[in-house]
J.: 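Okay, here's the structure, questions in a sec.
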Amino acid sequence: MSGAASPFASIQMAPPDPILGLTEAYNADPNPDKVNLGVGVYLDGAGKVPVLHCVREAARRLLESEETKTYLPIDGAPAYNRQVQQLLLGEGSPVIAEGRAITVQCLGGTGALRVGADLLVRHLGAPGVWISTPSWENHRGVFEAAGLKVQAYPYYDPAKRGLDFDAMVAGLKAIPAGDVVVLHACCHNPSGVDLSASQWATVVEVCGEQGLLPFLDFAYQGFAVGLDQDALAVRSFAASGQPFIVANSFSKNFSLYRERVGGLTVITAGADEAKRTLSQVKRIIRTNYSNPASHGAQIVATVLADAQLRPMWTKEVGLMRERIAWMRKLFARSLAEAGIEKDYSFVTRQKGMFSFLGLPVEAVHRLRSEFGVYAVDSSRVCVAAMNEQNIQAICHAIAAVSAEA
C-alpha cells in the first residue's frame, strides 16, 4: 500500500437508519422472546413473511415459459405498466383511454419516489415539497437527496389520536402555487389515520384551487378497506382533471419485498404532454439504473392479467387486511387486560400496518433493553407484526413501561 492517505479517510460513520438500523439491533439481541415491531412488513400468524399462493403459481408458470434473459425496456415490462394503470385508475378510466397517463416500472415504491423527485428537479424547476406531520421516515430523505427543499404541513393530532383536518386544510392553502404536496393515498404511515371520502374531496379541490402538484404515495392498496376503495384518492384526483403523480408499490399487497416492484405514474393534461414526459422520465432512468429487473414485475403482471390468479390474489390481500384488523382489536383489548387505563380504542379505528403508542422515547428504549420489544423512537409500532403468540408479552411490556412513563 502506498504511503498516501486514503481518499476515504475523512468519511464519517453515518447514523443508523431509524428503521433498518433498528432491525440490525434486533438481529443482534440474544433475547429469545424478542419482537420486532419497527420494520414495515406484514407477518402471518406464525410470524413469517408469507409467499402468496398466487405468487408461487405465477413464478412456476414464468419459470416454465421464460425463453430469454434479455433486458427489459427502460420503462419496464409493457404488460406490467398497463396492469398498474388499470389497478390505480380503474378499468375503463378516461385518463387511460385519452393517453394522459404514463407509467414506468421502478425499483419499489422508494425507487418510484426518487424517479419522481428527479423529474421535479430536472423539469419542473425544483419546486418545494411538502410532507405531512408526521410522514414516513424516508420521504424527507428521498426528496432532499434529489436536491429538493422539504417542508411539512399539519396532519396528525397526538392529543386526540386522529387527524387535525382543519389544520391540514389551512396548511395546504398556505403552500405556494406550483409546489408539490406529498399525500398518503391510504394507510397513512406512520399514524394509520386516513381521510374520509368527503375530506379527500376537499383536499382535491384545495390542491386544484391552489395550483399545487399532488404526489401520492400509494404503498398499501388493499390493506385499508379494499383494492378499489383504497384507490379513492387516486381516482378522485383523476376525475378532477388536474395533473398529479403516483408512486405505488407491490411490496406489501403481493408480499414481494425483496423483489422491489413498484411504479411511477404521471397523469398529465394531454396525450402529447404524456409522451414528452415519458421521454424525459426514461432519460432519468437510463442514467440511473438503465432498466428495471424482470422477475417481480412479471409475477405481478401475470397475476393481475389472469382470470384464475387475480381472484386468488384478491382473496389473499383480503385475508391479510382482515388479520391486521383483527390484531388491532386484539391489541387494544389485550392492553386493557394488561391493566393499562389509557384508552387505546383509537387503534381499532386506524387503517393499515402502523399505529402510534404515544409513549415517550425513554419508555420506547426500555421496551427494547428490558423486554426485547423493538419499536421506532416515535413509538410507532407495526401491528401487522403482532400475533396471538407474542401479543400478551408485548402488552405486558407496554404496561410495565407505561406505569413509570
Side-chain angles (χ1 to χ4, degrees), residues 15 17-19 22 37-38 40 109-110 113-114 116-117 120 127-146 148-196 198-207 209-220 224 233 237 244-247 344 346-347 349-361 363-364 375-383:
D17 182 272
I19 297 176
L22 190 69
L37 302 180
T110 304
L113 288 166
R114 181 54 193 262
L120 300 177
V129 174
W130 298 75
I131 61 176
S132 62
T133 305
S135 195
W136 178 47
E137 296 275 0
N138 212 21
H139 273 153
R140 181 178 293 276
V142 168
F143 287 105
E144 287 183 343
L148 293 157
K149 181 180 180 181
V150 179
Q151 301 178 73
Y153 61 86
Y155 189 87
Y156 180 73
D157 183 352
K160 65 179 183 180
R161 304 285 192 265
L163 177 67
D164 191 343
F165 188 63
D166 290 341
M168 178 186 181
V169 171
L172 294 180
K173 289 183 176 179
I175 296 175
D179 275 9
V180 176
V181 56
V182 177
L183 300 161
H184 301 236
C186 72
C187 301
H188 184 272
N189 180 3
S191 74
V193 176
D194 285 351
L195 278 67
S196 67
S198 62
Q199 289 169 335
W200 272 120
T202 299
V203 169
V204 170
E205 182 179 0
V206 169
C207 287
E209 291 176 347
Q210 297 296 119
L212 307 179
L213 176 59
F215 196 144
L216 278 66
D217 191 344
F218 199 13
Y220 303 97
F237 275 108
F244 66 102
I245 303 173
V246 185
Y344 274 92
F346 64 87
V347 173
R349 297 188 294 272
Q350 297 168 347
K351 303 295 183 183
M353 295 170 57
F354 304 107
S355 181
F356 278 133
L357 295 181
L359 293 174
V361 67
V364 175
V376 182
D377 280 355
S378 64
S379 79
R380 186 206 78 171
V381 295
C382 180
V383 182

J.: Please report the C-alpha distance between Val180 and Leu148 in whole Å, then the side-chain angles of each, then the deciding distance to 0.1 Å, and finally whether the side chain to side chain contact (heavy atoms under 4.5 Å, CB included) criterion is met.
T.: CA-CA 10 Å; Val180 176; Leu148 293 157; over 6 Å; no

J.: Could you check whether any side-chain heavy atom of Pro154 comes within less than 4.5 Å of a side-chain heavy atom of Thr133, counting everything from C-beta outward?
T.: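 A side-chain contact under 4.5 Å is absent here.
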
J.: Determine whether Val246 and Pro214 make a side-chain contact, defined as any pair of heavy atoms from C-beta on separated by less than 4.5 Å.
T.: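 No, their side chains stay 4.5 Å or more apart.
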
J.: For Asn189 versus Tyr220, what's the shortest heavy-atom pair and its separation?
T.: ND2-OH, 3.3 Å

J.: Any side-chain heavy-atom pair from Tyr156 and Ser132 closer than 4.5 angstrom?
T.: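 No - every pair of side-chain heavy atoms lies 4.5 Å or more apart.
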
J.: Testing the basics here: between Phe354 and Gln350, what is the closest heavy-atom pair and its distance to 0.1 Å?
T.: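 Of all heavy-atom pairs spanning Phe354 and Gln350, the closest is O-OE1, 3.8 Å.
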
J.: Do Met168 and Leu163 make a side-chain contact, defined as non-hydrogen atoms from C-beta onward lying under 4.5 Å apart?
T.: yes

J.: Report the residues that fulfil salt bridge (Lys or Arg N to Asp or Glu O under 4.0 Å) with Glu144, sequence neighbours left out, ordered by chain and then residue number.
T.: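 With neighbours one apart ignored, the set is Arg140.
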
J.: Keeping the roles fixed (side chain from Asp194, backbone from His188), state whether a donor-acceptor pair exists under 3.5 Å.
T.: yes

J.: Which atoms form the tightest heavy-atom contact between Pro176 and Leu212, and what is the distance?
T.: O-CD2, 3.4 Å

J.: Ignoring hydrogens and angles, tell me if any N or O in the side chain of Arg380 forms a donor-acceptor pair with the backbone of Gly38 under 3.5 Å.
T.: yes

J.: Over all heavy atoms of both residues, which pair between Ala117 and Phe215 is shortest? Give the atoms and the distance, please.
T.: N-CE1, 4.3 Å

J.: Report the residues that fulfil salt bridge (Lys or Arg N to Asp or Glu O under 4.0 Å) with Arg161, sequence neighbours left out, ordered by chain and then residue number.
T.: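 Once residues adjacent in sequence are excluded, Arg161 has no partner under the salt bridge (Lys or Arg N to Asp or Glu O under 4.0 Å) criterion.
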
J.: Which label fits His184 and His139: parallel for a plane angle under 30°, tilted from 30 to 60°, or perpendicular past 60°?
T.: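 Plane angle over 60°, so perpendicular.
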
J.: Identify the two heavy atoms, one from Ala247 and one from Leu113, that lie closest to each other, and give their separation to 0.1 Å.
T.: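 Between these two residues, the closest heavy atoms are CB-CD2, 3.9 Å.
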
J.: Minimum heavy-atom separation for Trp200 and Ala185, please, with both atom names.
T.: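 Heavy-atom minimum between the residues: CZ2-O, 3.7 Å.
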
J.: State which residues pass ring-ring contact (aromatic ring centres under 6.0 Å, His included) with Phe244; sequence neighbours excluded, sorted by chain then number.
T.: Phe237

J.: Is any side-chain heavy atom of Cys207 closer than 4.5 Å to one of Val203?
T.: yes

J.: Just so I know, are the side chains of Tyr155 and Leu195 near enough to count as touching, which here means a heavy-atom distance under 4.5 Å?
T.: yes

J.: Report yes or no: does Tyr344 contribute a side-chain atom to a donor-acceptor pair with the main-chain N or O of Leu357 at less than 3.5 Å?
T.: yes

J.: Can you confirm whether Val376 sits close enough to Pro190 that some side-chain heavy atom of one is under 4.5 Å from a side-chain heavy atom of the other?
T.: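 Side chain of Val376 against side chain of Pro190, heavy atoms only: no contact under 4.5 Å found.
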
J.: Output the distance between atom CG (Asp217) and atom SG (Cys187), rounded to the nearest 0.5 Å.
T.: 11.5 Å

J.: Drop me the distance from Leu37's CG to Leu22's CG, to the nearest 0.5 angstrom.
T.: 9.0 Å

J.: Looking only at atom types and distance, does a side-chain atom of Asp157 sit under 3.5 Å from a main-chain N or O of Asp164, one as donor and one as acceptor?
T.: no

J.: Could you tell me whether a side-chain N or O of Tyr153 sits under 3.5 Å from a main-chain N or O of Val182, the two making a donor and an acceptor?
T.: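 Such a contact is found between Tyr153 side chain and Val182 backbone.
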
J.: Hey, does Thr202 have a side-chain heavy atom less than 4.5 Å from the side chain of Phe165?
T.: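 They are in contact (side-chain heavy atoms under 4.5 Å apart), so the answer is yes.
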
